[in-house]
Colleague: 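Dumping the structure here so I can ask a few things about it.
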Amino acid sequence: MTNITKMIIKDDILIISNNREDSLFMLFSIPDLELLAAFGISGQEPDEFMFPQLVETNEADKLCYIYNPVSESLWSVSRQFEPVVVNNHQLPKTSRKYGDKQLTVFLNGDRYFVETSGNIKNVNLQCADSLVREQVYNLSNEIEGYKNWAAYIGDFGTNEGLSRIVYAYKYFKGLSFVDLKIYQCKTLLFDYDLQSKGKTAIDFLAPSTVTHYWGMWVTSSGVYCGYSGRNSIQVQEEGKKDITYIYIEKFDWQGKRSKNTN
């Protein structure tokens, strides 16, 4: 295995997304780690993947979904380890060169996704002939004044049981929790630089910009976020000295941060 980008566990199966030339996805049994299946190659053909995302699901007959942002296609992986394209999957196309979406799937057919602009939307695909698309929440309402998409880059997670969405910002030390039952948002901002309102997308993406939250893992009881607090230049300099680390912060679904964060 090389360059693992994400892994999820469904029952007794470990599913890994990586950058191998011969297979982008590998499935292993737990706990003996026997290889069960390997598939997926990189490319832009209809049956190939570019920058794919593993998407967890509670659906009993599926192990996971794979979202291919370049082609806007969605694949389901069955219990027989077969990837199958979801024919009734539709998400709005984006004209932004660096635009992408993060996606989650609920049992009732709801597929919530967030765009890099911080715009959370819901696509309900309960039936192939009854596509319903609606805006759930625009996170730019929480951190106002930024006119470029890069300001709202972050990580996205959901809790189906509690009907909650959480979003952790990359360029601000803050998180937003959205209650899907009443469509209300609670935003926590621990570090908010008012001077950065004039920044362009290029400014935000510069290696000298401090990045905050990187990566998210959600459970029924809480949210775990990787936290950096440094810029890319600092990280590279530390790496040359074999100093590599990231902090882990835990929050409950009410937005309360654990004191045991380290």
Side-chain angles (χ1 to χ4, degrees), residues 1-42 47-69 73-86 102-108 110-113 155-166 168 175 213-228 239 242-253 256-262:
M1 293 180 289
T2 58
N3 297 325
I4 295 174
T5 58
K6 184 172 182 179
M7 60 178 65
I8 61 178
I9 295 175
K10 180 69 175 281
D11 301 328
D12 58 351
I13 296 176
L14 173 66
I15 306 157
I16 290 175
S17 173
N18 58 53
N19 294 324
R20 287 169 53 102
E21 292 185 2
D22 59 343
S23 57
L24 295 177
F25 309 100
M26 303 178 75
L27 286 72
F28 298 86
S29 60
I30 298 176
D32 58 337
L33 295 181
E34 176 187 354
L35 179 63
L36 302 173
F39 56 84
I41 58 174
S42 180
D47 58 346
E48 297 174 342
F49 300 88
M50 289 288 290
F51 312 113
Q53 302 171 17
L54 287 179
V55 181
E56 296 184 66
T57 178
N58 291 325
E59 295 168 281
D61 61 333
K62 298 179 180 66
L63 294 175
C64 67
Y65 285 92
I66 300 170
Y67 175 53
N68 192 10
S73 60
L74 184 68
W75 299 67
S76 65
V77 181
S78 69
R79 291 282 181 174
Q80 290 73 43
F81 317 131
E82 293 287 340
V84 179
V85 68
V86 179
Q102 297 176 57
L103 180 73
T104 189
V105 179
F106 280 9
L107 284 175
N108 64 355
D110 283 345
R111 288 167 190 173
Y112 290 95
F113 68 95
D155 287 295
F156 174 61
T158 58
N159 184 323
E160 182 173 3
L162 295 178
S163 295
R164 294 289 178 88
I165 285 174
V166 60
L175 297 92
Y213 289 110
W214 281 80
M216 176 186 292
W217 180 49
V218 297
T219 69
S220 59
S221 61
V223 179
Y224 296 82
C225 298
Y227 180 76
S228 172
D242 291 327
I243 302 174
T244 57
Y245 63 93
I246 193 166
Y247 301 101
I248 302 298
E249 295 188 358
K250 181 185 178 182
F251 300 82
D252 65 20
W253 284 98
K256 183 178 179 180
R257 183 163 55 174
S258 171
K259 295 181 179 179
N260 296 325
T261 293
N262 55 52

Colleague: Please report the interatomic distance CZ(R257) to SG(C225), rounded to the nearest 0.5 Å.
Modeller: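 Between atom CZ of R257 and atom SG of C225 there are 10.5 Å.
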Colleague: D155 side chain to A168 main-chain N or O, any donor-acceptor pair under 3.5 Å?
Modeller: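 Such a contact is absent between D155 side chain and A168 backbone.
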Colleague: T158 and side-chain contact (heavy atoms from CB on, under 4.5 Å): which single residue from I165, V166, V218 fits?
Modeller: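 Running side-chain contact (heavy atoms from CB on, under 4.5 Å) over I165, V166, V218 with T158 returns exactly one hit, I165.
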Colleague: In Å, rounded to the nearest 0.5 Å, how long is the span from CD1 of I9 to CD1 of I16?
Modeller: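 Going from CD1 on I9 over to CD1 on I16, the span is 9.5 Å.
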Colleague: Please evaluate residues S42 and M50 with respect to the criterion side chain to side chain contact (heavy atoms under 4.5 Å, CB included), reporting the C-alpha separation (whole Å), side-chain torsions for both, the decisive distance (0.1 Å), and the verdict.
Modeller: CA-CA 6 Å; S42 180; M50 289 288 290; 3.6 Å; yes
Colleague: Quick check: do V55 and I66 have side-chain heavy atoms less than 4.5 Å from each other?
Modeller: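 Counting from C-beta outward, V55 and I66 never come under 4.5 Å.
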Colleague: Any sub-3.5 Å donor-acceptor pair from D252's side-chain atoms to S221's backbone N or O?
Modeller: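 Absent.
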Colleague: I'd like to check the salt bridge (Lys or Arg N to Asp or Glu O under 4.0 Å) partners of D22; sequence neighbours left out, ordered by chain and number.
Modeller: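 D22: salt bridge (Lys or Arg N to Asp or Glu O under 4.0 Å) contacts with R20.
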Colleague: With a 6.0 Å cut-off (strictly less than), is the heavy-atom count around CH2 of W214, excluding the residue itself, greater than 12?
Modeller: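 Counting other residues, nucleotides and ligands, CH2 of W214 stays at 12 neighbours or fewer.
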Colleague: The criterion is side-chain hydrogen bond (donor to acceptor under 3.5 Å, both in side chains); which residues satisfy it with W75, sequence neighbours excluded?
Modeller: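 For W75, the residues satisfying side-chain hydrogen bond (donor to acceptor under 3.5 Å, both in side chains) (neighbours in sequence not counted) are S73.
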Colleague: Between atom CD1 of I8 and atom CD of E56, what is the distance when rounded to the nearest 0.5 Å?
Modeller: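 It comes to 5.0 Å.
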Colleague: Kindly indicate whether the side chain of M7, heavy atoms from C-beta on, has any atom under 4.5 Å from the side chain of F28.
Modeller: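 No, every pair of side-chain atoms sits at 4.5 Å or beyond.
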Colleague: Could you grab the distance from atom OG of S17 to atom CZ of F25, nearest 0.5 Å is fine?
Modeller: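 Here the interatomic distance stands at 5.0 Å.
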Colleague: State whether the side chain of K10 and the backbone N or O of I15 hold a donor-acceptor pair below 3.5 Å, judged by distance alone.
Modeller: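 Side chain of K10 to backbone of I15: no pair is present.
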Colleague: Return the CG to CG distance between L24 and N18, rounded to the nearest 0.5 Å.
Modeller: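 Here the interatomic distance stands at 7.0 Å.
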Colleague: Look up atom OG in S29 and atom CD1 in I13, then write down how far apart they are to the nearest 0.5 Å.
Modeller: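 Between S29 OG and I13 CD1, I get 8.0 Å after rounding to 0.5 Å.
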Colleague: For D11, check side-chain hydrogen bond (donor to acceptor under 3.5 Å, both in side chains) against everything at least two apart and list the hits.
Modeller: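 Result, side-chain hydrogen bond (donor to acceptor under 3.5 Å, both in side chains) vs D11: R79.
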Colleague: Looking at W253 and V223, would you say the former's side chain and the latter's main chain have a donor-acceptor pair under 3.5 Å?
Modeller: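 Absent.
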